[in-house]
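Notes for the one structure printed next.
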Amino acid sequence: MNIRHVKQSDYYVIAPQINEWWDGRQMADKLPKLFFDHFTNTSFVAEQDGEIIGFLIGFLSQSHLQEGYIHFVGVHPTYRGSHIGRQLYESFFQTMKMYGRNLVRCVTSPVNKNSIAYHIRMGFEIGGGNRVVNGIAVHSNYDGPGEERVVFVKRI
């Protein structure tokens, strides 16, 4: 397996697969092409035998100069459990350190229990919230009315 920076053309490979990788959940609109145009230095893909099997889209915060933000991560369902996600995250962490960043943030939906468990295993902490759902602190209306999110923070 090879981890490399994303390139613009990767969008046309990844975007059509996103909803399938999320078991039919409509997620593709959360990853517009602009991420593949403007954040290539801080975003990564995992390839095996020329096929993209995972990706991480992240960037340097422009407002919080010690922080990086992970926007979207996906691993092909066939390859889950193979530590591909961990390698993508580690690539992002190393890049953040190179840029002098020491904090990484990301969010997920409270219904995505696998994501919550994964981030906790990766050493992220849940960053507060204004209510508790199934024992997890969530931020109500984070992404608009009715759009709750679990916020994660990790010092690197």
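For the pair H71 (side chain) and L31 (backbone), a donor-acceptor distance under 3.5 Å is absent. Distance alone, capped at 3.5 Å, places no donor-acceptor pair between the E148 side chain and the G146 backbone. Panel note: side chain R105, backbone V151; no donor-acceptor pair is recorded below 3.5 Å. Between the H139 side chain and the G127 main chain, a donor and an acceptor come within less than 3.5 Å of each other. One N or O on the side chain of N19 and one on the backbone of A28 form a donor-acceptor pair closer than 3.5 Å. Judged by distance alone, with hydrogens and angles left aside, the side-chain atoms of T108 form no donor-acceptor pair with the main-chain N or O of V150 at under 3.5 Å. Under the 3.5 Å distance criterion, the side-chain polar atoms of Y11 are left unmatched by any main-chain donor or acceptor of F35.
At a threshold of 4.5 Å between non-hydrogen side-chain atoms, the residues N134 and K113 count as touching. Residues R149 and N112 have side chains not in contact (no heavy-atom distance under 4.5 Å, counting atoms from C-beta outward).
For the side-chain contact (heavy atoms from CB on, under 4.5 Å) test, residues two or more places apart in sequence or in another chain that qualify with S91 are I3, F44. Under the rule for a side-chain contact (heavy atoms from CB on, under 4.5 Å), E20 has no partner lying at least two apart in sequence or in another chain. For Q66, the side-chain contact (heavy atoms from CB on, under 4.5 Å) test picks out N102, with sequence neighbours left out.
Nearest heavy atom pair, residue V75 against residue R80, reads O-NE, 2.9 Å.
Taking the six-membered ring where the residue is Trp, the centroids of F36 and F55 are separated by 6.0 Å or more.
Electrostatic pairing of K30 and D143 does not count as a salt bridge here, judged by no charged N lying under 4.0 Å from a carboxylate O.
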